[in-house]
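Both ligands and their constituent atoms are indexed starting at 1 by order of listing. Index from 1, following the sequence. All values below were derived from every heavy atom in this structure, side-chain atoms included, with hydrogens, water molecules and symmetry-related copies excluded.
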Amino acid sequence: MKDYEIVIGLEVHVELATNSKIFCSCSAKFGGEQNEHVCPACCGMPGMLPVVNRRVVDLGMTAGMMLGCHINRTTTFDKKSYYYPDLPGSYQTTQWFAPVAVNGTVEIETSKGKKAIRIKQIHMEEDAGKLVHDDWTDTTLVDFNRTSVPLIEIVSQPDLSSAEEVVAYLERLRSLLRFAKVSECRMEQGSMRCDVNLSVRPVGQKEYGVRTEMKNMNSISAIERAIAYESARHIDAIENGTEELVQETRRWDDIKGKSFAMRNKETAGDYRYFPDPNVMPVVIDDAWFDTIRDSLPEFPEVKRVRYIEELGLGEYDADMLVESRAFCDAFEAAYAESGLAKESANWLITNCMNLLNRRQMTTDMLSINGKALGVLVKIVADGTVSHANGKKILEVMFDEDIDPKKYAEENGYIVSNDTGKIVEVVRAVIAADPKSVADYKSGKEKALMALFGKCMKELKGNCDPQLLRATILENL
Ligand code: ZN
Ligand code: MN
């Protein structure tokens, strides 16, 4: 068998984090009752004129800049005509002739080292609706909530040559777009969708092989499986003549572990692209361009190096933080307030993470006041509040924007340095529990813990554990 090379280009659709749809003021939020977020404009009524959502252009430019693209300062919308019941106007408004961003690069790293993947273009467009099949009545219903929800489509050049590279590329895109708050990029919710264009050719051959496009993968691992299956299918067809390869769109079935022909590949001509006369060209002036450029976040790997080299964090802590923009923002604010890098990172990675897990939230959903977190870090580190009580305060901070120090004072969480009070509590507990005292004196170490626990409870946790232990021992 010859050696084959796999050639992959990706089209990645990303739902933008906007409140409203791309050409009307309907909500763009996921969910809701069927056809709740619908108006005449987004369900294709004749005579309704679209108005471009400025925020969509902001995010399109942001994505373009994050991926090193050239921004087209005059960007226009076009009609892509096709018929499908989830597309009420029978055309999709997208960008064909002057997309918002072109010619970028994304650098990826795999076991084979670094590689630059070229981005052909990023265009803004509207999503289609959703068909819902009702088995009970054997009918198909259409839900237009998703119609006109804003998307960007990121089109790569065919520079990828393995599933590993595709995974690295997608993870890199997701990280950059989340960091820039362009999208949450959640594959399982469909806010990031990836179409894989794949062909194979013998190593050394210049011409590309027959290309197929695969859809319907809803996780990174499904994409890996789909690439492994599809490339093997192509090679088998070429080597053994098992089937004739045709250019087509295929649907990945992750349960069967196979791809199935869906429709013959349309060419651009089939879509009859032409400028949409209803949508004004968008002209991006210098002020707008500069505002977006100045708002770009520091890249995650730059942060990572800074956290390690300047703030002295360990690699593990730095890696954990740069997974999420929300964590980075909270960390930086907490550090600015407390001056304690390691402790601030710890509170986030351990305690905040625990709380998020318990509430089944992702790291991106953290919405804590970072400055207040810094105050908490400080008052626990200097012994004003015990660690256990600090955790209780943190939980309140998840729901309310409180001043942790004030809250600690008002709720009796300040560690007491009043040794008189500690001695008083210790003596009272000892007097009331002769059994534990006797047990301890007959050699049962555990009895000391019982006394310790009772004293700590009496003191509401506001006592230095070392001091308490020493005081109990003195009084026994
Ligand atoms: Zn609408
Ligand atoms: Mn598209």
Side-chain angles (χ1 to χ4, degrees), residues 9-16 18-56 59-60 63-64 75-84 86-102 119-130 142-156 170 173 177 182-183 185 187 190-197 213-217 249 251 262-263 265-268 270-273 276 278-279:
L10 296 182
E11 293 166 17
V12 178
H13 285 90
V14 171
E15 240 169 47
L16 299 177
T18 60
N19 294 324
S20 55
K21 292 186 176 182
I22 184 169
F23 299 121
C24 63
S25 58
C26 291
S27 165
K29 288 279 160 285
F30 182 77
E33 286 286 304
Q34 287 90 350
N35 295 307
E36 190 182 330
H37 310 307
V38 174
C39 74
C42 60
C43 68
M45 295 289 166
M48 295 307 297
L49 289 178
V51 178
V52 178
N53 179 344
R54 188 185 167 101
R55 184 88 190 114
V56 173
L59 295 177
T75 182
T76 54
F77 287 88
D78 306 291
K79 289 188 173 188
K80 177 184 180 181
S81 298
Y82 65 93
Y83 173 76
Y84 204 66
D86 67 6
L87 189 69
S90 285
Y91 64 86
Q92 178 194 32
T93 305
T94 177
Q95 299 197 288
W96 181 256
F97 295 106
V100 65
V102 292
I119 303 293
K120 181 170 178 274
Q121 68 178 55
I122 301 175
H123 55 264
M124 305 178 281
E125 61 186 23
E126 56 179 345
D127 209 343
K130 221 181 227 170
V142 62
D143 178 1
F144 289 134
N145 279 350
R146 204 178 67 182
T147 310
S148 275
V149 164
L151 302 173
I152 50 171
E153 179 176 338
I154 303 161
V155 185
S156 83
L170 289 173
L173 279 190
L177 297 177
V182 169
S183 171
C185 296
M187 280 198 140
S191 66
M192 184 179 196
R193 306 194 284 268
C194 174
D195 302 337
V196 176
N197 288 291
E213 176 178 345
M214 266 189 307
K215 291 181 178 293
N216 196 45
M217 291 80 69
T249 302
R251 183 177 181 283
M262 214 165 115
R263 55 175 186 254
K265 178 71 189 175
E266 305 82 356
T267 58
D270 295 329
Y271 290 125
R272 308 188 313 282
Y273 284 101
D276 188 331
N278 292 329
V279 190

*Neighbour count above 12 (heavy atom, 6.0 Å) for Asn19 CG*: no

_Side-chain donor or acceptor of Lys21 paired with backbone N/O of His37 under 3.5 Å_ = yes

*Does Ser27 offer a backbone N or O that forms a donor-acceptor pair with the side chain of Asn145 under 3.5 Å?*
no

_Side-chain (Asn53) to main-chain (Phe23) donor-acceptor, under 3.5 angstrom_ = no

*Could you tell me how the ring of Tyr273 sits relative to the ring of Trp96: parallel (under 30°), tilted (30 to 60°) or perpendicular (over 60°)?*
parallel

*asked:* Just by distance, no angles: are the side chains of Glu15 and Ser191 close enough, under 3.5 Å, to form a donor-acceptor pair?
replied: no

*Quick one: does Ser81's side chain have a donor or acceptor within less than 3.5 Å of a partner on Tyr91's backbone?*
no

*Anything protein N, O or S sitting under 2.8 Å from the Mn ion (ligand 2): count it and give me the total.*
3

*Go around the Zn ion (ligand 1) and count every protein N, O or S atom nearer than 2.8 Å.*
4

*Might you confirm whether atom OH of Tyr84 has over 12 heavy atoms from other residues, nucleotides or ligands at distances under 6.0 Å?*
no

*asked:* Is it the case that the side chain of Glu153 and the backbone of His123 share a donor-acceptor pair, with hydrogens and angles ignored and the cut-off at 3.5 Å?
replied: no

